[in-house]
Structure formats: C-alpha cells, structure tokens
Protein chains: 2
Amino acid sequence: MRERARHDRTTIYDVARLAGVSHQTVSRVINNELGVAARTRQRVLDSIQQLGYRRRSAARSLASSTSQTLAVLSTGGCSYGPSATVLGIHRAAARHRLAVLSSLLERHTASAVPGALGLLLAEEPMALIAVTDDEQAAGTIARICEQSRTPYVLTGATPPNNELAPHASVRLDQETAGQEAVEQLLARGARRIGYIPGPRFSADAQSRQVGVLRAATQHGIPLRRLPEGDWTVKAGFRIADSLRSDEVDGIVAANDRMAIGAIQALQARGVSVPGEVQVIGFDDGPEAALVDPSLSSMRLSFDLLGVMAVRAALDLTRGTASDVAIRSQFVERGSVRTTRTSLARIGDRRPAAV
Amino acid sequence: MRERARHDRTTIYDVARLAGVSHQTVSRVINNELGVAARTRQRVLDSIQQLGYRRRSAARSLASSTSQTLAVLSTGGCSYGPSATVLGIHRAAARHRLAVLSSLLERHTASAVPGALGLLLAEEPMALIAVTDDEQAAGTIARICEQSRTPYVLTGATPPNNELAPHASVRLDQETAGQEAVEQLLARGARRIGYIPGPRFSADAQSRQVGVLRAATQHGIPLRRLPEGDWTVKAGFRIADSLRSDEVDGIVAANDRMAIGAIQALQARGVSVPGEVQVIGFDDGPEAALVDPSLSSMRLSFDLLGVMAVRAALDLTRGTASDVAIRSQFVERGSVRTTRTSLARIGDRRPAAV
DNA sequence: GAATTGTGAGCGCTCACAATT
DNA sequence: GAATTGTGAGCGCTCACAATT
C-alpha cells in the first residue's frame, strides 16, 4: 500500500466494524432502505452516533451518479423579488433535505452567466432553477442546460421549445396582475390612465404590459403609454414629471420603485395623490408600506414562486414537466381612493390558476 | 466486469485516449499544473473541447479530500443587510471560481440551524461563512463547526474562544458607527438625543448601542434610552409615539425601519422633521432614500462585508486567521439639518480600520 | 421461499511514485 | 540531471449480485 496521508475520517467501514455488520448494511441504514432487521439497524445507528459518522456526499454522488443538490442561478442581485424567490427555494429545499448550490449575479451581468453555470453544473445538481426575468440570460441558461442534459426550471422567463433536457416553467401570472391593476383604477373612477412600462429586456415587464393593454382594450378606455423606465425611483420620477397637468388621473407603474418616483414627481408639482391622480405599483415590496401616501400594489407571491419552483424541479426528476402560473393579489393602500362597490364582478373574469 | 448502466459521460480517460496521452496528463492540464509541454497541453485542451468534457467535482473532492466549495449559512431571510452580504460573498466567490453552497434561514428559526448545517457540512466545504447577528445561532454554528473541524467565518457575531477549528471574524464597525451617528446629531445642534435600540439578541444592536452610549458619555450629553424595538417600522412608530413633546430634539434608531417609523410618529403629531427633531437610522437600505423626508443613515458596507468574509475564509485555509472591522459612512439626507461647519474635527477622532 | 446480510467491483478523479525523453 | 509523461492504487460510497439465515 502506498503512503497516503491517513485521515482520521470515519467511513462506513469503521461504522460496520463497530456494529459487527458489513459496509453494505451500513449503507442500507443511512439510506433508510427497507429490509434491515430492527435490531441490526439500531446497532448501526448507535455506532454512527458513537463515532460521529457523517456521510460524504461526494462519495455518494460519485458512486450513484446522482446528487441531492439543487442549483440556483439568480440574476436579480439583492432586490426584493429575486431575493424572496431564492428564499422560498431554500425553504422548500430544506424541507426536502436537499442542498442548495447557488450563484447570485446582478442584473446586466449576462456575460457572467456561462461561467457561473459551469461552476454549478460541475457539481452535477439534480436540477437547476433559474431566477431571472432576463430573456437573454434565460436563453443562455436553457441552452447550456440542454447541452449537459441537466433538468431546469425557469421562473419568470419563457421556456424554449428544445427537448434535450426536461424543463419546466413556473411564473407569476403577471398578465392577469396587469389587467387587474388597470381594473382597480377603473373601479375607482380613473378614466385617463397612464402606464409606465419596465425595460424591454424583462419578461416580467412584457407580461405586465400585455395585461395592462388588454384591460384597456377590453374596457374601451384609452391608455397613455409612457416612456420605458429602468425600474428605478429616478426613472419613475422623470417619466411622471414629463406629463402635462391633467393628462392622467391614474398611473400604473411596472414596479413599486417607479410608482414611488411617480408619486414624488406628482407631489413635487402639487398634484394630490390619490385625490387627483391614483397610483398602483407592482411587487408589493417592503417599501410600499413606508412611503406617504402608502403605495397600492399588485402583490406577487415570490416566496410561493420559489416553493413551486422546487416542486417543479423535483417533478422533473420524476419525469413530469409542469407549467404553473401563480395568481397575484391587489393590496389596497393610500395611493388609491377607496371604493364602496365590490370589485368581484370585474375581478372574477380572470381565469383560475394555481 | 459487472453489468452496470454505461453512462455516456466523458471522463478524463476519454479525453486522454483522444489526445494520445495518459489520464494523469489530462488531470495536470485541467488543474493548470506546471510541467506540461505546451503542445501536449493544447492537444488535451482540444480534446476536452471536442468531447465537451466537464470535470466531475464529486470525483475530485473524493480523491483529493478537498473541495472548491464555500458554504454560507444566513439567518437574515431576505432583508437588505443579509441579502447584500450574501451577494457580496457570491461576487467574491465567483472571482475565485469557488462554488457556493448556501442555506438561507429566516430570523427566529434558530432551531433549524443544526439541520441546515448538517446538510452543508455533508458536502465538506472548504470553509463555512455564517451571516447572522444572532449570538445564539452563531454559538451553535461555531460549536458544530468545531466538532467537524470545519474552518468558519463569523460575520456580525462574536467569535468564540475554542481552538479546534480555525475561525475568523469579519464585522462592520458598528460601535464607531453608533458613535458617529450621535456626533452627527450633536454637530447639527441636537442636545436632547433619544436612542431606539434594537433587540437584545442581536449582536449588531448591542455594538451600535455601545457606540451610541460612548459618544454620549464622551461629549457629556444626557442620552434618553428608549424601549427596545424589534427592527420594524411599527416598533419605531410606537416607541417614538410614547415620547412627550419636546422630550428630544434628535433620535438615533438602531436601523432604518425603526427610524422611518419614528419619523412617521413624529409627523403624525405635527412635529417637524428635521425642524424640531432630527433623525438618523442605520443600514442605509433602499428605503432610506424613498421616504419623506429622506432618511439620513449610517451606511454599512454589507457588500464589502461579504467580500472580506470570503477573503477571510480563504486565509483560513492557508492558516491565517483574520479579525476585520469595516468602517461605516454617514449619508446625509433630509431627516437632519444641514451644517455649515466641517465635521472633520469630531470625525477624525475615530481609530482607523480597514 | 422470503427475509436479511455480505462480497467485490466500479464511479472519476488525485496522489505518490516510476519511467521515459 | 532536468523536463515531461505514465502507472496503478485509493478516496468512500453504491450497485449488482451472491450467500446466508
């Protein structure tokens, strides 16, 4: 035998020796397999305890060609939605006793996606969950996963048509949310509605816009489409500031930040919110409740999105591909006027989902 | 040879055959080792490219008993500080081409720490970084890491005295930040300063308080210590609301949220901020700039904290233990009065760090 | 025959050393 | 002798099967 640094690590062989069984029996016990006599199992468990044995997952992965690891790639930095989604993924993964390997990138670092993905895939995760609303990044992720035959779940972006690797899509039903945002303003008496869209590259922004436009069409009201913003407060301010007085009596912004900026611009010009202009944002992030007036917003269940993404990933490994859309919820706050009439009639037209 | 499902996976042996070299030479190339002839290296690289070979990290870990993986355990949920720290860790890890295995828990889930840690340690990370300001959680983490001889880095909590496993501490210099917050108010004419502390279990809250109290003592001003809050806007509101009029002309709150709540309470009673009471928070999170008046805050470089934590973790694996404190920065906004006099004289007394 | 336990090879790398140029 | 390349065992598990109760 060669001279190799002898580690003091305990292996299943040590446990087996102490328990007086074979290594395979120990393997059966740590994998909770059936067909081990209760007494034997107990002896093995005692030995594990006594020696402080802990299974080496690298050895297991290598031998079984499977891992108990989920990979997560997010391009959302530390902004609220992506963070909450990633947190939901972790909660669900912990419940299934899966390890989570993650790579968090910031927006506009698409060039870093292949490198990050390579690092993740080297660990051979059972599946990869992409948390991104950047269509280009999602495309890159899908392509590389297809190449390496890694099952993947997209949250927020459009799934491709490829079929080399199993994949699924979990998303928030942003279209319906966009539609409801407009309908909430209509129900509150607004008739000249302006829409501040999010950036073109964002799938989220696109679907919200589709819903907004659809609502306007369906209800036969003109929609004032404002310039595209980049999600920031500053952009919301600038865009709302360019409006002529009286041009709108309601504003839907594609996210909370831009809605907050819009409110600030209106207030700076002495326009009352919600008296003269009502405003609704998207996300219902933590800042929505803090501003004055507090911001009404379409609440998107990012946490649930993460949980469903894990479920979809596990389904994939069992051969089932899912395509889930999660419903949003209107949160009424100070930036809109209260309404006495029930909105049920308008709201109920939406298709059920989840 | 037994019948075993033959995977189509390419290994270094496949690469070696194609390149006409031994598997060891391939290993040398993929590990960037010296002493491989340039021509040979190129042939191997070409073969890797051609076959789409990707190293299996499980095999590498098993054979070398080392991994290129960093484990991260956070108890901060998706709130700003912890998220930004975790993001910083990811940025730095990516730069070093390290995989990141993470477990994100929410506050008050201390009971989940051992389970989460077990899952992480099974992967045998080169080191673990704890992102928590919960002393109890940090204690548990330290104990378990010591047991399994895993190097660990604490961010935000106090390191223990154990010496079984190498460990380091990286933190934000919260004491100095607390001191400066008070001094900024003093420099702006405030003389009756109230302090809203964070929860007792939080190490962050404790160090901020130490600095605040020290500043008051040093400058010989009375400090009105208010009841302890739980970081929420609501707590800040409640605590500030319990103040008698004129009791304070300056408030330092242990975080932005509580500071925002305090401002709202004051404004609700018709007290002008910053006219009658000036307010300073901690964190400089995204909400600080959004409220009205915008909130002055002690900016803590969470991102840098994460980056330094990775550096400390790498140092640990080379046998160096570091203990780093990162300086904070005052961000002046609308919730304090402007001052014409330079603050350099008061500010300069602080010891240099990082 | 059913339930339980054991045997030995193999997963894909790295390590220590040997062999070749 | 220095630079480069090769050999075979071993890391700690699981797999497929065999052997035992």
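The model shown is predicted, which means the values in this text are computed figures rather than measured ones. First the proteins, then the strands, lettered A, B, ... as listed; each starts at 1.
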Where the side chain of Ile30(A) is defined as all heavy atoms beyond and including C-beta, which of dT5(D), dC13(C), dT14(D) is the nearest nucleotide? dT14(D)
Within this structure, what is the CD-to-P distance between Glu33(A) and dC13(D), rounded to whole angstrom? 14 Å
Rounded interatomic separation in angstrom, taking CZ from Arg56(B) and C1' from dG12(D): 18 Å
Looking only at side-chain atoms of Arg28(A), point me to the closest of dT5(C), dG6(D), dA9(C). dT5(C)
Check this for me: does any side-chain nitrogen of one of Asp323(A) and Arg171(A) sit under 4.0 Å from a carboxylate oxygen of the other? yes
From the set dC11(C), dG6(C), dC13(D), return the single nucleotide nearest to any side-chain atom of Leu62(A). dC11(C)
Would you mind reading off the distance between Asn31(B) atom CG and dG12(C) atom P, rounded to a whole angstrom? 17 Å
I'd like to know if the side chain of Asp46(B) pairs up with that of Gln50(B) as donor and acceptor (distance under 3.5 Å, no hydrogens or angles considered). no
note: Arg39(A), atom CZ; dT21(D), atom P; distance rounded to Å ~ 15 Å
Between dC13(C) atom P and Gln24(B) atom CD, what is the distance in whole Å? 12 Å
NZ/NE/NH1/NH2 to OD/OE distance under 4.0 Å, Arg149(B) and Glu124(B): no
Between dC11(C) (C1') and Glu123(A) (CD): distance, integer Å: 16 Å
When you match Arg41(B) and Thr11(A) each to their closest nucleotide on DNA chain D, which lands nearer the 5' end? Arg41(B)
Could you tell me the Watson-Crick or G-U partner of dC15(C), where both distances fall under 3.5 Å? Say none if there is no partner. dG8(D)
Can you tell me which nucleotide in dG6(D), dC11(D), dT14(D) comes closest to the side chain of Ala63(B)? dC11(D)
Among dT7(C), dG6(C), dC13(D), which nucleotide sits nearest the side chain of Ile12(A)? dC13(D)
Both distances below 3.5 Å, Watson-Crick or wobble geometry, any strand: find the nucleotide opposite dA3(C). dT20(D)
Within less than 4.0 Å of OP1 or OP2 of dC13(D), is there a side-chain N or O belonging to Tyr53(A)? yes
Tell me whether the count of non-hydrogen atoms from other residues, nucleotides or ligands lying under 6.0 Å of CD in Gln136(A) goes above 12. no
Compare the minimum distances between each of dC15(C), dT5(C), dC15(D) and the side chain of Ser64(A), then state the nucleotide with the smallest one. dC15(D)
Just the rounded figure in Å: distance from P of dG12(D) to CD1 of Ile48(A). 16 Å
Closest contact, heavy atoms only, Leu98(B) versus Leu119(A): O-CD2, 3.3 Å
Which residue lies more 5' along DNA chain C, comparing Thr40(A) with His23(A) via nearest heavy atoms: Thr40(A)
Please tell me whether Glu123(A) and Ser57(B) have a donor and an acceptor in their side chains that are separated by less than 3.5 angstrom. yes
How many Å lie between CG on Leu34(B) and C1' on dA3(D), as a whole number? 12 Å
Report yes if at least one side-chain N or O of Ser27(B) is closer than 4.0 Å to OP1 or OP2 of dT14(C); otherwise report no. yes
dT5(C) OP1/OP2 closer than 4.0 Å to side-chain N/O of Thr25(A): no
With the side chain of Arg55(B) defined as its heavy atoms from C-beta on, choose the nearest nucleotide among dT5(D), dG6(C), dT14(C). dT14(C)
